[in-house]
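The block underneath contains the structure these notes are about, expressed in structure tokens.
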Amino acid sequence: MPQPNRGRLITLEGGEGAGKTTQQRRLAAHLEARGIETVLTREPGGTPGAEQIRALVTGGAVDRWSAMTELLLMMAARSDHLDRVVRPALDAGRWVVSDRFHDSSRVYQGLAGGLGLEVVDRLHAPLLGSTLPDLTLLLDLDPRVGRERRRAQGGGGRFEDKHDDYHDRVRAGFLALARAEPRRFAVVDAARAEDEVAIDVIDALRRLDPQPGRSAE
Ligand code: TMP
């Protein structure tokens, strides 16, 4: 059970080009309009040090890092992010909306990258402790559609350059995590128009335990 005055940790997950960043902004605006102090952040990144690690891990040649090295870099970034942003905000009663969190490591490095879920989860236990998402919004999209969207936006990078099979495993991996934890995950069809997706994202807030004296709806 979360402490009564602790904030909430909401994570957005999904493949590339699923619209997480747009939906994150809309969700934060919705929460702020209801008087909830909200911190928008992202992984890998969210602190100066973690942003430097992000540049290392998301840039360069596709085969630059093994899955294990990727995982350790992601976890180093996550450790700094947890210490400097996520835990202080939650302790101060703020809500944290993070564009990606540990489920990305579980899927990209664990299920798609070949390390397996058990290894990733075991390494994460001491890092996360009790800091786990209260709600995870999975923006589900065919990776081919996501890639086209990213291309249209002029995006690209080490992960986008990975093979189609990898991105198919990413999509299947996220859906498997959602099936395993149906209370925490809300799966949202991200192939639709932005406004329609936003309605489902905001609707998913109903899954959160009500906070005393405050409503997320
Ligand atoms: P983004 O482009 O969605 O911001 O994320 C950067 C890339 O990093 C994305 O392709 C997914 C990848 N990633 C991992 O592989 N493992 C992780 O733990 C995180 C947070 C991101």
Side-chain angles (χ1 to χ4, degrees), residues 9-25 27 40-47 49-82 85-86 96-117 119-125 127-128 131-133 136-174 176-177 188 190 197:
L9 175 57
I10 300 176
T11 59
L12 289 128
E13 298 281 4
E16 280 73 10
K20 289 185 282 71
T21 313
T22 306
Q23 294 299 329
Q24 179 195 31
R25 275 199 299 270
L27 175 57
L40 261 77
T41 189
R42 70 170 181 179
E43 288 205 349
T47 68
E51 289 292 334
Q52 287 188 311
I53 298 173
R54 178 188 178 94
L56 267 180
V57 73
T58 61
V62 165
D63 60 357
R64 186 180 187 192
W65 310 113
S66 70
M68 180 55 92
T69 311
E70 271 176 9
L71 175 64
L72 296 172
L73 288 167
M74 295 295 179
M75 290 182 65
R78 185 160 300 129
S79 178
D80 198 53
H81 187 222
L82 279 163
V85 173
V86 178
V96 176
V97 181
S98 186
D99 183 345
R100 298 196 184 279
F101 193 60
H102 78 312
D103 291 310
S104 281
S105 293
R106 300 175 79 209
V107 167
Y108 282 83
Q109 283 70 50
L111 296 173
L115 295 178
L117 202 49
V119 166
V120 178
D121 283 350
R122 238 191 291 146
L123 288 170
H124 268 84
L127 173 64
L128 298 179
T131 311
L132 292 165
T136 299
L137 298 152
L138 172 55
L139 301 192
D140 177 56
L141 183 68
D142 180 335
R144 284 149 196 85
V145 176
R147 191 177 49 208
E148 287 314 310
R149 284 189 187 171
R150 271 283 166 101
R151 281 213 183 117
Q153 295 159 1
R158 237 191 103 238
F159 283 92
E160 279 89 343
D161 290 346
K162 293 197 187 211
H163 204 268
D164 279 356
D165 289 354
Y166 181 84
H167 291 287
D168 287 336
R169 290 200 298 277
V170 166
R171 185 185 195 188
F174 274 125
L177 295 190
V188 177
V197 176

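Ligands are counted one by one from 1 in listed order, and the atoms in each one are counted from 1 as well. What you see is a predicted model; the values in this text were computed from it and never measured.
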message = For A77, is there any backbone N or O sitting under 3.5 Å from a side-chain donor or acceptor partner on H81?
response = no
query = Under 3.5 Å, side chain of R158 to main-chain N/O of A61, donor-acceptor pair present?
reply =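 A pair under 3.5 Å: yes.
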Ion pair present between [X] and [Y], side-chain N to carboxylate O less than 4.0 angstrom?
X	Y	answer
D161	R147	no
R64	E70	no
D168	R171	no

Give the atom numbers and elements of ligand 1 that come within less than 4.0 Å of a heavy atom of [X].
X	result
E16	9 (C), 10 (O), 11 (C)
K20	3 (O)
E43	20 (C)

task = Classify the angle between the aromatic ring planes of Y108 and F174 as parallel (below 30°), tilted (30 to 60°) or perpendicular (above 60°).
result = perpendicular
Protein heavy atom at shortest distance from [atom]:
atom	result
atom 19 (C) of ligand 1	S104 CB, 3.4 Å
atom 18 (O) of ligand 1	S105 OG, 2.5 Å
atom 7 (C) of ligand 1	F159 CD1, 3.8 Å

key: Any N or O of E70 closer than 3.5 Å to N or O of ligand 1   =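 No - when backbone and side-chain N and O of E70 are compared with those of ligand 1, no distance drops under 3.5 Å.
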query = Would you say R54 has any N or O atom under 3.5 Å from an N or O of ligand 1, going by distance alone?
reply = yes
For ligand 1, note which part of [X] has a heavy atom under 4.0 Å away: side chain, backbone, both or neither.
X	value
R78	side chain
Q109	side chain
R150	side chain
H102	neither

key: Reported CE-to-CG distance for the pair M74 and L127, which is rounded to 0.5 angstrom   =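 It comes to 13.5 Å.
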inquiry  = Do V86 and R78 make a side-chain contact, defined as non-hydrogen atoms from C-beta onward lying under 4.5 Å apart?
reply    = no
request  = Return yes when atom CD of Q52 has more than 12 non-hydrogen atoms of other residues, nucleotides or ligands closer than 6.0 Å, and no otherwise.
outcome  = no
ask   = Looking only at non-hydrogen atoms, which of P44, A67, G146 approaches atom 21 (C) of ligand 1 most closely?
value =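 Among P44, A67, G146, the closest heavy atom to atom 21 (C) of ligand 1 comes from P44.
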key: Nearest neighbour of atom 5 (O) of ligand 1 from the list H81, R100, M74, on a heavy-atom basis   =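 Result: the heavy atom closest to atom 5 (O) of ligand 1 is in R100.
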